[in-house]
Amino acid sequence: MKKLALAPHASTDFLLFEEGEREPDDDLKLRFEAIAAMRPEEQEVAKAVLDAIIVKSQVAGALARVSEKPAVKEK
């Protein structure tokens with residue numbers, strides 16, 4: 001993909017995704033801009049909080065998928 005993107009001087013995101021498909025909605029953009037304007041120490045705290053929320057969500061999703069699978073009967 002990288003080599004294909006280099007020929008027309010385009011990004012792989014441009015080639016693979018619709019416009020705005022990989023961008024956060026406007027509400028999140030405003031929050032990210034506010035975080036970008038913070039001092040570096042505050043940005044690190046914000047990133048740590050976001051990372052924790054992301055991991056929590058991923059774990060909850062994984063647990064939900066596991067609990068949805070039918071039980072395998074042992075012989």
Side-chain angles (χ1 to χ4, degrees):
M1 286 306 287
K2 184 178 177 182
K3 289 180 181 178
L4 290 173
L6 290 174
H9 302 287
S11 72
T12 53
D13 280 357
F14 176 80
L15 296 174
L16 294 173
F17 301 101
E18 299 294 324
E19 185 175 335
E21 185 177 355
R22 294 201 22 113
E23 295 179 10
D25 60 26
D26 289 340
D27 191 42
L28 285 175
K29 282 182 186 179
L30 291 174
R31 285 177 168 82
F32 293 144
E33 288 173 9
I35 292 169
M38 293 176 181
R39 295 188 331 259
E41 302 83 27
E42 293 173 325
Q43 288 180 3
E44 290 305 315
V45 171
K47 288 179 200 176
V49 170
L50 287 172
D51 288 344
I53 294 169
I54 291 166
V55 169
K56 178 186 173 282
S57 174
Q58 291 172 336
V59 168
L63 290 173
R65 285 189 299 277
V66 168
S67 66
E68 290 174 0
K69 290 185 179 180
V72 177
K73 294 183 180 180
E74 293 187 30
K75 293 181 182 181

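Since the structure is predicted, the reported quantities are computational estimates derived from the model, not experimental observations. The basis for the numbers below is simple: all heavy atoms, side chains too, and nothing from hydrogens, waters or symmetry mates.
Linking Ile, Leu, Val, Met, Phe, Trp and Tyr whenever their side-chain heavy atoms come within less than 4.5 Å leaves V45 and I35 in two separate clusters. A continuous path of hydrophobic side-chain contacts links L28 to L50 [ILVMFWY only; heavy atoms under 4.5 Å].
Between the side chain of Q43 and the main chain of A36, a donor-acceptor pair closer than 3.5 Å is present.
Under a 4.0 Å N-O distance rule, the pair R31/D27 qualifies as a salt bridge.
Between atom CG of residue L63 and atom CZ of residue R65 there is a gap of 9.0 Å, rounded to the nearest 0.5 Å.
Under a 4.5 Å side-chain heavy-atom criterion applied to ILVMFWY residues, the cluster that includes L30 comprises that residue alone.
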